[in-house]
Structure formats: structure tokens, C-alpha cells
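Contents: one structure, followed by commentary.
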Amino acid sequence: MKETLRYLAGIAGPSGYGSNSTADQVIQDYACSGPPHLTAIITGATSGIGVETARALAKKGLRIVIPARDLKKADELKEVIREESPKAEIVIFETDVSSFVSVRRFCSGFLALGLPLNILINNAGIYSQKLEFSEDKIEMTFATNYLGHFLLTELLLERMIETAEQTGIQGRIINLSSAIHSWVKRDAFCFNKMLNPGNYDGTSAYSQSKLANILHVKEIATKLKARNARVTINAVHPGIVKTGIMRDSYKGFITDSLYLIASKLLKSTSQGASTTCYVALSPQTEGVSGKYFADCNESNCSALANDELEAQKLWMQTHALLQRYLYPPPAQHVLLCD
């Protein structure tokens, strides 16, 4: 109850920010002349809070790399950013995060540029009311929100570690999650069923993918710590934001008039992007890893999301799946003898 009142009142937490804080308010406290030119990859940057995240970070002088499925939207975003930040460097790649082949192609293309990589923001996300499958024949929500970002992180992690070692600047990975992750019950969190669900429910699929995003953070944080790597990884809940995902998720549950009333309590996209920007840039989050943030402050996630064994099991299952898809065994040739 206390947290709800704090959220509604916009009361700032220990960080000095709260639910009403915007991305611009958060970034204005970090001097442009401080760190050298940083590079950030932001998935899902062409809509919703991704747009605000890209705009705010470009405003602070970061080079922004955008893997985008819709190149037209990406080009339009590029123009919008440059109207505000004429010197902004924006790099665009055509990429479908739900496709393993497309993610690999993007990573190969990015790495070939020889650019450093300081910040990776796994922001892209979808909510689907009906059962759909990716080109890899995996349920689309799980493929987009979790699996594509898992692969992206795996393929770019070494570059991030190298960049941190060479520059002395800590690398930061941010997974977009949601408070809805806490709706998932332990007995319903089954890897194979998430890949190919029998009885599909859009809200369940979305909440499971967001739980997976946090468990991914927990396991990668452990692995990075074991390597003494100067890279952190954290999960953020952007809040309940007025975006397309939010509207789609409530169709069929509430009427348009009730949604209009409820939307007055929702965050703007700039407020929704504030926590991502805070975790990406704030000196207060230096060295903080494996945590969950909401309203620009460290917060609590569910017991299941904190389960180290569950995180390890999910990582192993995901890694095994990707190995099968990306590195299938060679075809067996039968030798015929006379």
C-alpha cells in the first residue's frame, strides 16, 4: 500500500527520482563532458519508450545503434533525433529480434564496424492476444521478448567486456521487464510449453517472458562476477506506460471508457524511459548488477525471479536450444559398399 501511494504521489525514492521523473530530468544531472563518446544499442527504439530512450541518450552525446524491423520508422526516428541533436550519430540495421538468423546477422554487421559497445538495452517487446510463431517456429512473444535478447547478449558480451577493459568505463546491460512477472506461478513456468504452448493466453505469455528477462539478468550477473568483468546487467520495470503494448493487453478486459479513465494514471513514454536512462547512466548504479529497478530506484521482484537455481536452469535450457538451432549436427552420410 505504501509503495502504491508513493507511486501515485510521485514521491522520490533514495535515488532522488520517482514515478513522475522523466528521461530528460534524469539525464540532465549527468554532464555531457564527463565520459568519452559512448555507444549504446537499443532494441525496439522505433516505438513507445524506446523512442524516448534513444532520444534522451542521443541528447547526452551517445552514439545510438538501432536494430529495427521497420527501416522507415527508424529513418523517421533518426530525423527526429537530429532535429533536437544535430550532431547525433545514429546507426541503423534492419533486424527482426524474433529471428535467430536476423539477430546473428545484426551482431556480425555491428562487430564488423569495429565500434566499442558500452550499453546494451534489450528494450523490444510485444504483446499478442493470439498465438503466433516466429520464423524459427517458436511462440512469438517468448521469441521476441526473451530469446532474441538472450542471443543478442551472448553474441555481443565479449565486445562489451573488451570495451570496458580498454576504456576503463563500466559496460551496462539493461533488460526491460515488468511488474507483471510476479503473476507467474512456479508450476506454470515450463520452458517447452513457453516455446510451443498448448492453451495460449496472451497475458500469461507476456508475464512469463518478462520473468525470463529477470532470470536472465540474475544468471548473467553471476557469470560476469565470476569473470571479474567490468560489465553489469540489471532489469527495469518502466511502469504502466501509455504504449501500444499496454492498450493491446487490456482489449477485451475493460471498456474503452474505463481505459480512458485509467490512462490518466499511466506514465508518459518519457516517464517510462526514465528508469532505463537512470540505470544506463547514473553514477549511483556503478557496480550494481543483478538487480531489479522501478521508478528509478532498486526494487523487489518475486521470489521466483530471485531463484538462482531457476535462473541457472533457464540459462542452460536456452543455451541448449540456441545450440540446436544455430549449430545443427552435420548430416549423416551413409557409405554404400559393394
Side-chain angles (χ1 to χ4, degrees), residues 23-24 27 30 32-126 144 148-167 169-176 231-233 236 269-270 273 276-277 279-281:
D24 282 331
I27 66 169
Y30 312 128
C32 294
S33 58
H37 200 52
L38 303 181
T39 299
I41 293 176
I42 308 172
T43 68
T46 59
S47 64
I49 61 176
V51 171
E52 282 298 310
T53 303
R55 183 195 63 78
L57 296 187
K59 189 176 179 181
K60 296 304 289 185
L62 276 72
R63 177 191 293 117
I64 307 298
V65 180
I66 302 174
R69 186 169 53 182
D70 189 328
L71 291 181
K72 182 181 178 182
K73 282 187 176 180
D75 286 332
E76 290 171 352
L77 173 61
K78 185 175 182 178
E79 292 306 311
V80 168
I81 290 175
R82 284 188 169 168
E83 285 180 8
E84 183 178 19
S85 307
K87 295 183 180 180
E89 185 177 349
I90 313 295
V91 181
I92 298 171
F93 286 87
E94 184 174 13
T95 312
D96 180 353
V97 179
S98 74
S99 162
F100 297 150
V101 170
S102 186
V103 169
R104 285 184 74 186
R105 187 184 304 119
F106 163 72
C107 291
S108 295
F110 172 77
L111 293 173
L113 295 178
L115 295 173
L117 180 55
N118 308 95
I119 299 170
L120 172 61
I121 301 175
N122 293 319
N123 170 82
I126 65 166
T144 303
H149 289 126
F150 183 102
L151 178 59
L152 189 70
T153 304
E154 289 287 297
L155 296 178
L156 297 176
L157 192 57
E158 291 306 315
R159 175 58 57 87
M160 294 198 73
I161 293 173
E162 291 170 6
T163 299
E165 289 176 347
Q166 292 167 1
T167 64
I169 300 172
Q170 184 182 81
R172 304 189 185 195
I173 304 169
I174 299 164
N175 280 4
L176 267 287
V231 177
T232 62
I233 180 168
V236 305
T269 52
S270 184
T276 300
C277 292
V279 177
L281 295 180

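Quick note: residue numbers are just sequence positions, from 1.
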### Task
Go through the steps for I121 and L57 under the test side chain to side chain contact (heavy atoms under 4.5 Å, CB included), then give the verdict.
CA-CA 11 Å; I121 301 175; L57 296 187; 3.8 Å; yes
### Query
If you take all heavy atoms of A88 and A58, which pair is closest and at what distance?
CB-CB, 4.2 Å
### Task
Mind listing the closest non-hydrogen atom pair of F100 and L151 along with its distance?
O-CD2, 3.7 Å
### Query
About how many Å separate OG1 of T276 and CZ of R172, when rounded to the nearest 0.5 Å?
13.0 Å
### Task
Give the C-alpha distance, both sets of side-chain angles, the deciding distance and a yes or no for side chain to side chain contact (heavy atoms under 4.5 Å, CB included) between L117 and L111.
CA-CA 9 Å; L117 180 55; L111 293 173; over 6 Å; no
### Query
After noting the C-alpha distance and the side-chain angles of I173 and L157, does the key distance pass the side chain to side chain contact (heavy atoms under 4.5 Å, CB included) rule?
CA-CA 9 Å; I173 304 169; L157 192 57; 3.7 Å; yes
### Partners meeting ring-ring contact (aromatic ring centres under 6.0 Å, His included) with F93 (sequence neighbours left out)
F106
#### Entry: Closest non-hydrogen atom pair, R159 against L115
NH1-O, 2.8 Å
### Summary
Heavy atoms of T39 and P116 approach each other most closely as CB-O, 3.2 Å
### Query
Which pairs, with at least one residue in residues 86-108 and sequence neighbours excluded, count as a salt bridge (charged side-chain N to carboxylate O under 4.0 Å, His left out)?
R63-E89
## Note on the structure
Here the salt bridge (charged side-chain N to carboxylate O under 4.0 Å, His left out) pairs for residues 44-58, sequence neighbours left out, are D24-R55, E52-R55, R55-E84
### Message
Rounded at 0.5 Å granularity, tell me how far OG in S47 sits from CD1 in I126.
### Response
11.5 Å
### Message
T163: which residues meet the side-chain hydrogen bond (donor to acceptor under 3.5 Å, both in side chains) condition with it, sequence neighbours left out?
### Response
none
## Note on the structure
Which of N175, T144, T43 passes side-chain hydrogen bond (donor to acceptor under 3.5 Å, both in side chains) with H149? It is T43
### Summary
Heavy-atom closest pair (A280 atom, I119 atom, distance to 0.1 Å) is O-CD1, 3.8 Å
### Query
Out of curiosity, I49 CD1 to N123 CG, how far, rounded to the nearest 0.5 Å?
5.0 Å
Listing, residues 69-81 side-chain donor-acceptor contacts under 3.5 Å, not counting sequence neighbours, or none:
from : atom 1 : to  : atom 2 : distance (Å)
D70  : OD1    : K72 : N      : 3.0
D70  : OD1    : K73 : N      : 3.1

### Message
Restricting to non-hydrogen atoms, name the atom on I42 and the atom on A54 that form the minimum distance, rounded to 0.1 Å.
### Response
CD1-CA, 3.6 Å
## Note on the structure
Between the CG atom in L281 and the NZ atom in K60, the distance rounded to the nearest 0.5 Å is 8.0 Å
### Message
Going by side-chain hydrogen bond (donor to acceptor under 3.5 Å, both in side chains), name the residues that satisfy it together with T232, two or more places apart in sequence or in a different chain.
### Response
none
### Query
Say you draw a straight line from CD1 of I161 to CD of Q166; how long is it, rounded to the nearest 0.5 Å?
12.0 Å
### Query
Quick one: side-chain hydrogen bond (donor to acceptor under 3.5 Å, both in side chains) partners of T153, sequence neighbours excluded?
N122
### Message
By the definition side chain to side chain contact (heavy atoms under 4.5 Å, CB included), identify the one residue from I174, L152, V65 that meets it with L120.
### Response
L152
### Query
In chain order, what residues pass the side-chain contact (heavy atoms from CB on, under 4.5 Å) check against A56, with sequence neighbours excluded?
A23, I27, C277
